[in-house]
Amino acid sequence: MSFTITTDGTTGNTLIPNDIILNYILKAGGEHVKIYLYLLMASQNPGLVGSVSVELLADRLELTERDVIRMLRYWEREGLLSLTEDANGQIVGLTLLRQYGMKPAVPAEEEMAPPSSFVVSEETPSPTGSGTPHLRVLNSNPVPERTQYTAMQIEAISKDVEMQQTLSLVEQALGSPISPTHMQLIMYLICDLDFPGDLIVYLYEMGASRQKTTPRYLETIAIDWSKKGIQSVADAMAETADYTGKYRPIQKALGIHRDLAPAEKAIIDSWDSYHFSTDILTEACKRTVLQSGDTNLNYVGKILEGWHSSGVKSFADIATADEAYRKNKKSHQAPNNPRKRLGNNAFQNFRQRDYSDEDYEVMERQFLQRKGAP
């Protein structure tokens with residue numbers, strides 16, 4: 001899905017309106033910001049980037065193609081860009097919007113664009129300032145608006161035993177008492193997004209592990225989960241694994257540029273029991289490619305299984321295991337120009353006799369007599 005990016009602005013620089021920074025960039029996730037900035041740069045500097053595709057974006061940003069499409073849809077929902085799709089749901093056009101929250105009419109030539117590619121452009125401002133309202137929301141559940149909860153409402157809900165346990169665990173994750181701003185967010189998660197207590201705790205624990213526990217950051221993740229229909233910790237963990245890149249280092253090391261199948265993810269998940277670092281996992285992947293010329297995950301698993309059996313914990317342990325393997329292999333190899341050792345046979349088992357000089361003289365006379373000698 002390659003596409004062309006054009007601009008009517010000055011090349012050599014990338015201009016970002018302050019409104020986008022203040023109202024969109026600050027609340028978006030890091031990967032979402034990267035992809036939007038890249039598209040903005042490409043639209044204003046087409047000669048710098050050249051041809052752009054979903055595959056290229058996935059490779060440059062170390063994302064999966066699924067992640068790229070998901071983030072494009074995120075910015076569409078935010079109203080910063082417009083996606084045009086064909087009858088099969090394939091993206092055939094992308095426009096960066098200057099009138100935020102407004103979607104321009106689709107030109108006829110974009111509607112006829114081939115399914116294999118789509119054009120990305122920056123919207124030309126309308127002289128009248130008019131535009132078609134951006135109303136379409138794709139693959140998204142509606143999200144309720146935030147409301148301000150009263151002290152009486154907070155007190156009433158806080159009396160619930162389960163709620164008290166949730167608040168206690170959230171405080172542990174934050175490492176401090178819950179502020180009024182965080183309390184308003186928690187009320188929103190429970191009353192409006194219908195999040196169970198364990199999902200709220202997981203959200204805060206995940207934020208703490210990333211050292212990002214601001215209400216704005218956590219709310220952005222929660223809204224994204226709600227739009228995707230995530231209502232359990234298991235679903236959130238699966239989404240987090242995809243987003244934070246549990247599988248991406250493996251895909252990159254093996255040169256896999258597509259989404260992994262569930263069976264492939266299950267194989268990678270089975271390696272968690274080894275407790276290897278990402279560097280060791282990727283080393284096994286590199287060796288798989290070099291030794292087999294393939295991207296077989298089962299081959300990677302065999303390498304990891306061997307390292308685990310050898311007690312490998314670091315790269316130094318891998319070097320030790322490699323040296324032990326080389327010595328063991330050398331000890332089983334035959335030396336140069338080997339002489340085969342003879343096994344037991346009839347000739348070797350023949351018992352030799354000891355002869356005296358007399359015996360030899362007797363045998364010589366007998367031989368000469370048989371030959372007719374005088």
Side-chain angles (χ1 to χ4, degrees), residues 5 13-45 48-49 52-81 83 94 96-97 100 120 138-140 143 173-175 181-182 185 189 193 199-200 202-228 230 235-253 257 259-260 277-279 282:
I5 300 180
N13 299 290
T14 302
L15 304 178
I16 308 175
N18 293 334
D19 180 51
I20 290 181
I21 297 176
L22 294 174
N23 298 313
Y24 297 92
I25 296 296
L26 292 180
K27 71 175 184 177
E31 303 296 342
H32 292 71
V33 172
K34 288 181 182 179
I35 197 169
Y36 180 76
L37 292 180
Y38 191 91
L39 291 173
L40 198 63
M41 178 192 69
S43 69
Q44 298 181 20
N45 302 269
L48 177 64
V49 176
V52 178
S53 66
V54 171
E55 294 82 359
L56 180 140
L57 292 173
D59 183 63
R60 293 296 300 271
L61 302 178
E62 297 187 1
L63 302 169
T64 65
E65 294 177 22
R66 174 186 174 189
D67 286 333
V68 170
I69 295 175
R70 175 167 58 84
M71 291 174 190
L72 292 177
R73 296 196 187 284
Y74 168 82
W75 287 119
E76 182 189 36
R77 292 193 296 268
E78 291 295 311
L80 291 189
L81 60 81
L83 298 176
L94 189 156
L96 299 179
L97 303 179
Y100 315 130
V120 178
L138 301 175
N139 299 331
S140 172
V143 177
L174 291 173
T181 308
H182 276 293
L185 173 59
L189 299 178
L193 300 187
L199 183 58
I200 295 174
Y202 176 75
L203 172 66
Y204 271 86
E205 289 177 344
M206 184 191 65
S209 67
R210 300 179 183 177
Q211 298 182 341
K212 296 181 180 180
T213 56
T214 62
R216 180 185 292 273
Y217 177 80
L218 297 175
E219 180 186 353
T220 301
I221 296 176
I223 290 176
D224 185 55
W225 287 355
S226 181
K227 289 178 178 179
K228 295 175 180 176
I230 295 175
D235 291 341
M237 290 179 68
E239 173 68 17
T240 302
D242 284 341
Y243 181 78
T244 57
K246 174 182 178 181
Y247 308 109
R248 287 179 202 149
I250 306 296
Q251 291 176 272
K252 184 176 180 181
H257 300 292
D259 289 341
L260 293 174
S277 66
T278 301
D279 290 338
T282 54

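For the numbers below, each heavy atom of this structure counts, side chains included, while hydrogens, waters and symmetry mates do not.
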Which residues share a side-chain hydrogen bond (donor to acceptor under 3.5 Å, both in side chains) with K252, sequence neighbours left out = E62
Check whether any side-chain heavy atom of T220 sits under 4.5 Å from a side-chain heavy atom of H32, and report yes or no.
-> no
Output the distance between atom CG (L80) and atom CG (L96), rounded to the nearest 0.5 Å.
-> 8.5 Å
If we only count heavy atoms from C-beta on, is the K227 to R73 side-chain gap below 4.5 Å?
-> no
For D235, all residues meeting side-chain contact (heavy atoms from CB on, under 4.5 Å), sequence neighbours excluded | I230, S232
Look at the rings of W75 and Y36 and say which category their plane angle falls in: under 30° parallel, 30 to 60° tilted, over 60° perpendicular.
-> tilted
Is the shortest heavy-atom distance from the side chain of R216 to the side chain of E219 under 4.5 Å?
-> no
Heavy-atom donor-acceptor pair, T213 side chain to L174 backbone, under 3.5 Å = no
Pairwise side-chain contact, I35 with V68, heavy-atom cut-off 4.5 Å (strictly under) | yes
When rounded to the nearest 0.5 angstrom, what is the spacing between CE in M71 and CG in L39?
-> 11.5 Å
Looking only at heavy atoms, which two atoms of L199 and A236 are closest? And how far apart?
-> CD1-CB, 3.7 Å
List for me each residue that meets side-chain contact (heavy atoms from CB on, under 4.5 Å) alongside L37, sequence neighbours excluded, and say none if there are none.
-> I16, V33
Here the pair of heavy atoms bringing R60 nearest to Y38 is NH1-OH, 3.4 Å
Tightest non-hydrogen contact, residues R77 and D224, listed as NH2-OD1, 3.8 Å
Please report the shortest heavy-atom distance between L218 and L203, naming the atom on each side.
-> CD2-O, 3.7 Å
